[in-house]
Amino acid sequence: MVKKKKSVLTKGAISPEIIAQSIAHHSVGTDIGAHDIFLGQVRADTANDKTVTAIEYTAYEEMAEAKFSQIRESAFAKFDLICLHILHSLGKINAGEICLFVFTSSAHRTDAMAATRYIVEEIKADVPVFGKEIFDNKSHQWKVNK
Amino acid sequence: MVKKKKSVLTKGAISPEIIAQSIAHHSVGTDIGAHDIFLGQVRADTANDKTVTAIEYTAYEEMAEAKFSQIRESAFAKFDLICLHILHSLGKINAGEICLFVFTSSAHRTDAMAATRYIVEEIKADVPVFGKEIFDNKSHQWKVNK
Amino acid sequence: MKIKMKYFGMIAESLGKEEETLDLDIKMVSDLSDYFLSEFSRLEEMNFQISVNLNIVPAQFELSENDEVALLPAFAGG
Amino acid sequence: MKIKMKYFGMIAESLGKEEETLDLDIKMVSDLSDYFLSEFSRLEEMNFQISVNLNIVPAQFELSENDEVALLPAFAGG
């Protein structure tokens, strides 16, 4: 059996059009009653009179994709999901742009909602993605997930 | 102060393009770090050899809009939200089409995710919307939320 | 007293109308329920709530002239 | 033993390199930690985890020839 290799990491910001296409593709899934979507957006945080203009994301790509696969399998095992799609940006993502897309679909609402929450927490905790916050004065600092 | 009157009830299905536009409009909200979106989609449920081809939604419109306003205010009071948008379809929505759009935005992920869940439960419980499930043999039955 | 009635969903379908004005000699929402249950026995099989002027009210709620009262079957939004 | 090292984020920035092959006379992950902490004192201020062949491992983990080992600073995905 050939398992389709899905890549989660994607270069650049995630566009609203990609999200719309992804939603539109699921109109054929007439066993789906609920979709839940989480989007991470880069915030223009201000610290010490400097404002974040972008985050530059890098990753230990091979390990990150392996972790995303594990999270995916574990989400399907824990929740009654019909579909699951995850995208995470690499490279420089400007404030206001979207860097994470988690999209779950299920027959009933509770599965999709609980799964999205679980997946987002797992990504934050377990996936080796690194973020360099770039300030308006060209300085930078490394982001740390809370 | 003039309060902008928002209408939640909308005629026909909610298109992926409307959702994409709504997401795109929030790229100027650079204090936003998280969006959470719930979409209700009409399922082609099968019962006694009949399959649902569409749900025709009606509402006690004036009361429904009042309830949506209350839910909106209560969500802003309970959660640290930056934006909140709700759309609910009226009329005949085919299986595979989207009939509910709940879109919350916040600085941090937990507020948006908890708010979406709260709002969806409140809508199901408190808003006078009625759904006639239309089967492929032209018969129908009235949907009841669980 | 005059009451503006509204009917929705399976109740409207079953009654064959969506609204009407009734003139009844009643006082409480419970009186109105009793009236409908005696006039339209099929209502007994339907779970329904009653709203007065856009708010769900209990059986003990007192009605006033020209209230807008709705018979609401089970909700199905979302 | 030969180890393929990979560095990421603030650690790569601080070390000025993203990867290298080291030949060290060590056995455990804890030995490797000690080596880095003595060579690059700035690492002490950084919280980091160590992965071996794509999995986070504890200090007691035993290294093998040609393992791919990464020093991972705090994650910032999502």
Side-chain angles (χ1 to χ4, degrees), chain B residues 8-10 14 38-43 45 52 54-71 86-93 98-102 116-134 139-146, chain C residues 2-22 24 28-30 32-33 35-37 39-78:
Chain B
V8 168
L9 296 167
T10 182
I14 297 155
F38 179 84
L39 303 173
Q41 181 167 303
V42 173
R43 263 197 325 273
D45 280 345
V52 172
I55 296 181
E56 194 176 323
Y57 285 105
T58 52
Y60 186 1
E61 297 191 27
E62 202 185 342
M63 180 174 165
E65 293 288 1
K67 286 285 166 199
F68 280 123
S69 287
Q70 286 168 20
I71 292 170
I86 309 174
L87 287 176
H88 195 299
S89 295
L90 288 183
K92 191 177 158 192
I93 312 303
I98 290 163
C99 55
L100 173 64
F101 175 40
V102 177
T116 298
R117 189 158 195 158
Y118 166 78
I119 291 161
V120 171
E121 296 305 324
E122 292 291 303
I123 291 172
K124 299 246 177 200
D126 285 352
V127 179
V129 169
F130 313 100
K132 188 161 85 170
E133 294 179 321
I134 299 167
S139 68
H140 71 265
Q141 87 183 8
W142 292 90
K143 183 172 175 255
V144 172
N145 275 350
K146 280 180 282 237
Chain C
K2 281 210 175 94
I3 296 169
K4 296 177 203 157
M5 291 300 310
K6 285 179 167 264
Y7 313 112
F8 293 93
M10 70 173 81
I11 294 177
E13 182 182 66
S14 181
L15 295 179
K17 54 195 161 194
E18 296 190 338
E19 53 184 48
E20 67 185 323
T21 300
L22 293 180
L24 299 173
M28 313 285 274
V29 162
S30 57
L32 191 69
S33 280
Y35 166 78
F36 275 99
L37 290 168
E39 292 286 308
F40 303 99
S41 59
R42 271 179 301 172
L43 260 185
E44 249 178 293
E45 303 147 32
M46 303 175 191
N47 276 317
F48 68 96
Q49 302 183 87
I50 292 181
S51 70
V52 175
N53 302 328
L54 310 185
N55 290 303
I56 303 284
V57 293
Q60 299 74 26
F61 191 86
E62 203 168 316
L63 292 164
S64 306
E65 183 78 16
N66 288 320
D67 273 347
E68 179 174 305
V69 179
L71 301 193
L72 304 169
F75 298 166

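Letters A, B, ... mirror the listed sequences (proteins, then strands); counts begin at 1. Hydrogens, waters and symmetry mates play no part in the numbers below; they use all other heavy atoms, side chains included.
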Tell me, side chain or backbone of A59(B) under 4.5 Å from chain C's heavy atoms, or both, or neither?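 For A59(B), the contact with chain C is made by the backbone alone.
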Taking everything shown except K132(B) itself, do over 12 heavy atoms lie less than 6.0 Å from its NZ?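 Yes.
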Does CD belonging to E62(B) count more than 12 external heavy atoms closer than 6.0 Å?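 No, the 6.0 Å shell around CD holds no more than 12 heavy atoms from other groups.
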Review item, side-chain donor-acceptor pairs of residues 63-77 of chain C, under 3.5 Å, at least two apart:
residue: E65(C); atom: OE1; partner: K2(C); partner atom: N; Å: 3.4
residue: E65(C); atom: OE2; partner: K2(C); partner atom: N; Å: 3.4
residue: D67(C); atom: OD1; partner: N53(C); partner atom: ND2; Å: 2.9
residue: D67(C); atom: OD2; partner: S64(C); partner atom: N; Å: 2.7
residue: E68(C); atom: OE2; partner: Y60(B); partner atom: OH; Å: 2.4

May I ask you to name which of V144(B), V127(B), L100(B) has the most heavy-atom pairs under 4.5 Å with chain C?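 So the answer, after comparing V144(B), V127(B), L100(B), is V127(B).
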Checking F61(C) now: which residues fulfil ring pair (Phe, Tyr, Trp, His ring centres under 6.0 Å) with it, not counting sequence neighbours?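 By the ring pair (Phe, Tyr, Trp, His ring centres under 6.0 Å) rule, F61(C) matches no residue at all.
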Which atoms of E13(C) are under 4.5 Å from chain B, going by heavy atoms: the side chain, the backbone, both sets, or neither?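 For E13(C), the contact with chain B is made by the side chain alone.
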Nearest heavy atoms of L54(C) and M63(B), plus distance in Å: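 Residues L54(C) and M63(B), closest heavy atoms: O-CG, 3.3 Å.
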Closest contact, heavy atoms only, Q70(B) versus N55(C):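 For Q70(B) versus N55(C), the nearest heavy atoms are NE2-OD1, 4.5 Å.
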To the nearest 0.5 Å, tell me how far F130(B) CZ sits from I11(C) CD1.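 Reported value, rounded in 0.5 Å steps: 8.0 Å.
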